[in-house]
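Remarks on the structure that follows.
Numbered from 1 within each chain, the chains take letters A, B, ... in sequence-line order. The figures that follow rest on heavy atoms only: side chains count, while hydrogens, waters and symmetry mates do not.
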Amino acid sequence: MSEPGPASPTTDTPPHRYAGALAQDIEARWQDRWDAQGTFATPNPTGPLADPARFDASKPRAFILDMFPYPSGAGLHMGHPLGFTATDMYARYQRLTGHNVLYTMGFDAFGLPAEQYAVQTGQHPAVTTNQNIANIRAQLRRLGLSHDPRRSVSTTDPQYYRWTQWIFLQIFNSWFDPDTKKARPIDQLVAEFDAGTRSATTGDWAAMSPAQRREELDAWRLAYVSDAPVNWCPGLGTVVANEEVTADGRSDRGNFPVFKRNMRQWMMRITTYADRLIDDLDTLDWTDAIKAMQRNWIGRSEGATVHFDSPSGRITVFTTRPDTLFGATFMVLAPEHPLVDSLTTPAQASEVAAYRTKAAAEDDFQRQNDTRDKTGVFTGSFATNPLNGEEIPVWIADYVLMGYGTGAIMAVPCGDQRDFDFARAFGLPIVAIQEPTDGRGTDTRTWADAFVGDAPYVHSANDSLDLNAVTSVAEGTRRTSEWLAAHGHGEATVTYKLRDWLFSRQRYWGEPFPIVYDADENPRALPDEMLPVLLPDTDQFSPRTFDPDDAMSNPESPLDRLEDWVWVEADLGDGVRRYRRDTNVMPQWAGSCWYEMRYVDPTNEQCFVDPINERYWMGPAQPGESGGVDLYVGGVEHAVLHLLYARFWHKVLFDLGHVSSFEPFHRLFNQGYVLAAAYQDERGMYVDAFEVEQRDGGYVFEGRPVIREYGKMGKSLKNAVSPDDVCATYGADTLRLYLMSMGPLDASRPWESKDVIGVHRFLQRLWRNLVDEDTGETRLLAESAGIETLRVLHRTIAGVRDDLDHLRFNTAIAKLIEFNNHLTKLGGCPADIADALVIMLSPLAPHVAEELWAKLGHTDTVTYETFPVADPAMLVADTVEYPVQINGKVRGRVTVATDADADTVQAAAMADDKVQSALAGATPKKIIVVPGRMVNIVA
RNA sequence: GCCCGAGUGGCGGAAUGGCAGACGCGACGGACUCAAAAUCCGUUGUCCGAAAGGGCGUGUGGGUUCGAAUCCCACCUCGGGCACCA
């Protein structure tokens, strides 16, 4: 860091002043001692980490979790200590308030970042990953986080991914029962087929060959191989999930173009959980913003399917507005719709073929740009509107997407802006079926746009359905859906934007699939005793990447090259045979889908988590509650990726009876970002923020003017401050306090290095109130605390408790500073309240608190002490000062007894000189006395 | 366009219906020092005023209320998410 820190001790600074060097000395000693004594080891109810002598089942639990980091070569950035400090302070506070606390840290070490770093350095990812983990562990240690080190996991550890593979097989060997809306073991489906209580979808189960049966079952599995459109990213050399593709059709990582291609890939049937993933959000303590993002991503819409008769048979559409069916004046099919060929008349054939070719050449993401003008082609055929028998033309257009609904729509131009635009562009009829409430009338030739909303229907009746008296969309929708169902022309339907999860990647650094293929290319699960399927060692770990724009390239998995590994002999129940291994690896998200459960029972070799331990740490507190981690802190960037996938896996494991909680993360808190000033030169290039000088109200870099903006702290903006440097200058306790004092945890905050000194001075003053800076001995005031000091103390206790309960670390710190400022004015700390002060400080600045605790004569760690409890009697004074307002402006103050009644307070207010002179003889119309608060006189 | 969230001193922020600006940075004045740094003490929303005191003040305009930074309506600005999803 280039910023000046506090002075290093020189001859004239006292030897025991709390400054950077002393802080580091204290911190190193206490970190060593915590390690040596296993201070933060938390016992389990049962299993390898059970310790009956230390486990107190009568205490409430607190499972506190951070989103675990990728061990990238760059190490921690300031965003990590921000979230980690918050959870550590909360964890320590929970220990002080009598909770059993589960708090640890792991590493999400598979995936692209680790692999790319390995490719850059030419070293094996296992080597670089372990180096990076060691490096980050050292950085974390400096922060004084109270992790149980025995519970740490890395997703790349075979002892960990053995269970990731096991969970994959649980999912593979399950099906979703649409009746119970739950996952069930595939054996139970076989039993139902055998018993005839459920019919197979592809034929008569009893008459099927073994191969046909296998195919039938594979189509039910929650993890399945599918030849379907996927996102192929040549620049990365792998396919990626929908959630990893940005709105402009590029890869989330690397920003390469992504192409839709049909490929044979692993999918997970997350869509079967769409309703539960939405509905169960109601049971979670998450922000509305994140819930909205998840709902939005799942994209549930209720409506109806409607069947139209056409020369090529039935065309089914999905609509959210079946009530507008009388106004359907044409239909539009996606260019890829399977009926387009047979619907197209010879006269239209060349035009349709040209349009389809053009549409196919464009990628999906260009097509989804709503600023484009509408394009489309008439097929030459007509379909019949089931409500009124009208023949309406069938068009194809690229604004209809094959991937949503049925890939076909009924177009109601009077009630849908897109259809309206299309009708105007091609001169198609627009018939009003509602009388708009804005007075524009029903002559659609004069309309500037479609009308959407509740309004009386017109021209909306046939022999058996009459909406013309209906005034609400909801009622019209309900009655039309009923009519459609009754007449066999459709039914109420729910559609989702959510697609099944593409689960395979053509990379090296991931979990291998515990799957082999038989001679007929059927996927076969490996038995438990063959787990883990170890990731084979190789020096050819770099995936084959391609020209980022080469859409027709094909993925080549690095594991394909390992012939010796690929072919394996095994007995899967029908004798020893030769099988080919699956050469894909699982996506980055697999390991993070369940890591919180492994923290609960990290060394269990019998199961991924013992049910007793899971129920203790994650089980619902009350029947009907979701259960799950008590507090999960992390960035908002995982709103629809990790958080959706992890919820899905957890629900499958719940359905199968492996866990007692039906949600993994009961309470989620999203921390803000650490921002910092960044500077751009006239070319728009970022310059080193630490070499920029402020001059004449502007900013200058190497003599040239630069402009300032604020952005997420990091390498790309050249404005990153390293946590290590701050620890080296001021100590970790100062860094912790600064990060938390900057503002509320959920707000983004700009880093200002010059502000760090503020909380450092606070610690220095607090230290000085307890310790003689020359001798290092305690210097406590002998006389006991007076009533005024006790009142300040108890107000502080109550306030800090309330703040820490609600993760308001910024105001908790401010209250402690206030209290310390009071002690400073007192000339020091009375001996009888020093313990309380130090215990309150300990969750926030644990190292200096431990040091002070020891100086106060205690031999044990402060970690498991009891947080002081405020005495209610100390929170009220004998007298209270009332501000007296006249017409809402404060004009005077009166002091009355705390228990004075309203009349007494009013009398005192009226008797006040300033009030009388402000009233200037006027008679009050009304006087409001708010007990304990204030008086307002209305003159 | 739609859905969230936020606008308060020079700066980060506090106050969620009851004394706006807690706490911190910075700035200014003072102590210590040969001096500087560090440290300590004091002042610090703004305008008028020598002071006492007073006016104004939480993005803008309106409303509810004895009383609004806080609640309601409309608008403006910024940040985030989604976006031809039928």
statement: Comparing nearest nucleotides in RNA chain B, the 5'-proximal residue of the pair A/E818, A/G299 is A/E818
statement: Judged by whether its glycosidic angle lies within 90° of 0, B/G9 is syn
field: A/R801: side-chain hydrogen bond (donor to acceptor under 3.5 Å, both in side chains) partners, not counting sequence neighbours
entry: none
statement: Rounded to whole Å, the CE-P distance (A/M293 to B/G5) equals 11 Å
- prompt: Rounded to whole angstrom units, what separation is found between the CG atom of A/L644 and the P atom of B/G81?
  reply: 17 Å
- prompt: Nearest-Å distance, NE2 (A/H822) to P (B/C23)?
  reply: 14 Å
field: Integer-rounded Å distance: B/G1 P and A/D449 CG
entry: 13 Å
- request: In whole angstrom, give the distance that lies between atom CG of A/L766 and atom C1' of B/G24.
  value: 16 Å
query: Taking only side-chain nitrogens and oxygens of A/S301, does any of them come within less than 4.0 Å of OP1 or OP2 of B/A86?
result: yes
Inter-nucleotide C1' distance (B/G54, B/A22), Å rounded: 26 Å
message: Measuring only the C1' atom in each nucleotide, how far is B/G26 from B/A15? A whole number of Å is fine.
response: 23 Å
task: Could you tell me whether A/K358 atom NZ has more than 12 heavy atoms of other residues or ligands within 6.0 Å of it?
output: yes
statement: note: A/L737, atom CG; B/C25, atom P; distance rounded to Å ~ 13 Å
- prompt: Who are the side-chain hydrogen bond (donor to acceptor under 3.5 Å, both in side chains) partners of A/D282, not counting sequence neighbours?
  reply: A/R295
Mind listing the side-chain donor-acceptor pairs of residues 314-322 of chain A below 3.5 Å, one per line with the distance, residues two or more places apart or on another chain?
from   : atom 1 : to     : atom 2 : distance (Å)
A/T316 : OG1    : A/H307 : ND1    : 2.9
A/T319 : OG1    : A/R321 : N      : 2.9
A/R321 : NE     : A/D323 : OD1    : 3.0
A/R321 : NE     : A/D323 : OD2    : 3.3
A/R321 : NH2    : A/D323 : OD2    : 3.0

field: Partner residues of A/D913 under the side-chain hydrogen bond (donor to acceptor under 3.5 Å, both in side chains) criterion, sequence neighbours left out
entry: none
query: What residues, two or more places apart in sequence or in another chain, satisfy ring-ring contact (aromatic ring centres under 6.0 Å, His included) together with A/H489?
result: A/W483
message: Would you measure the distance from the C1' atom in B/C41 across to the matching atom in B/A50 and give it in whole Å?
response: 26 Å
Below 3.5 Å is the cut-off: list the nitrogen or oxygen pairs between protein and nucleotides 40-45 of chain B, distance only.
from  : atom 1 : to     : atom 2 : distance (Å)
B/C40 : OP1    : A/R765 : NE     : 2.8
B/C40 : OP1    : A/R768 : NH1    : 3.2
B/C40 : OP2    : A/R765 : NH2    : 3.4

field: Closest-nucleotide 5' rank along RNA chain B - winner of A/D288 and A/N296
entry: A/D288
- line: The dot-bracket string of RNA chain B, counting Watson-Crick and G-U wobble pairs with both distances under 3.5 Å, using [ ] for crossing pairs and | for pairs to another strand, is (((((((..(((.....[....)))((((((.......))))))((((....))))..(((((..]....))))))))))))....
- request: Mind telling me whether A/Y679 and A/Y699 have parallel, tilted or perpendicular rings, with 30° and 60° as the class edges?
  value: tilted
task: Would you name the heavy atoms of A/P393 and A/T329 that are closest together and state the gap between them?
output: CD-O, 3.4 Å
- prompt: For the side chain of A/T85 and the backbone of A/L82, is there at least one donor-acceptor N/O pair under 3.5 Å apart?
  reply: no
- prompt: With a 4.5 Å heavy-atom cut-off, do A/E491 and A/T305 have their side chains touching?
  reply: yes
- request: Go through the structure and list residues passing side-chain hydrogen bond (donor to acceptor under 3.5 Å, both in side chains) with A/K497, not counting sequence neighbours.
  value: none
- prompt: Tell me, for nucleotides 52-60 of chain B in 5' to 3' order, what letter each nucleotide earns: B for a base near a protein heavy atom under 4.0 Å, S for only sugar-phosphate near one, - for neither?
  reply: ---S-----
field: Closest to side chain of A/A289, choosing from B/C84, B/C4, B/C25
entry: B/C4
message: When the C1' atoms of B/U8 and B/C4 are compared, how many Å lie between them, rounded to an integer?
response: 22 Å
Pairs satisfying salt bridge (charged side-chain N to carboxylate O under 4.0 Å, His left out), at least one member in residues 733-751 of chain A, at least two apart: A/D88-A/R736
field: Euclidean distance for C1', B/U43 against B/A37 (whole angstrom)
entry: 23 Å
Distance, P atom - from B/A35 to B/C23, rounded to whole angstrom: 32 Å
- request: Return the set of residues passing ring-ring contact (aromatic ring centres under 6.0 Å, His included) with A/F422 (not counting sequence neighbours), or none when no residue passes.
  value: A/F330, A/W395, A/Y399, A/F426
field: Separation of B/U39 P from A/L763 CG (nearest whole Å)
entry: 13 Å
- prompt: Out of A/R768, A/R779, A/H16, which residue meets the side chain to side chain donor-acceptor pair (under 3.5 Å) rule with A/E773?
  reply: A/R768
- request: Select base, sugar-phosphate, or nothing to describe what A/T406 touches, counting heavy atoms under 4.0 Å on all strands.
  value: nothing
message: Looking at A/A728, is its backbone amide N or carbonyl O close enough to the side chain of A/Q24 to form a donor-acceptor pair, meaning the two atoms are under 3.5 Å apart?
response: yes
message: Could you tell me how far apart A/F762 (CZ) and B/C23 (C1') are, to the nearest whole angstrom?
response: 10 Å
- prompt: What interatomic distance, in whole Å, is found between P of B/U46 and the corresponding atom of B/C11?
  reply: 11 Å
query: Base, sugar-phosphate, or nothing for A/N887, non-hydrogen atoms under 4.0 angstrom?
result: nothing
Whole-angstrom distance between B/G63 and B/G53, as gauged at atom P: 34 Å
task: Starting at the 5' end of nucleotides 11-19 of chain B, put B wherever the base has a protein heavy atom under 4.0 Å, S where only the sugar-phosphate does, and a dash everywhere else.
output: -SSS---BB
- line: Nearest heavy-atom approach of A/L804 to A/F809 is CD2-CD2, 3.6 Å
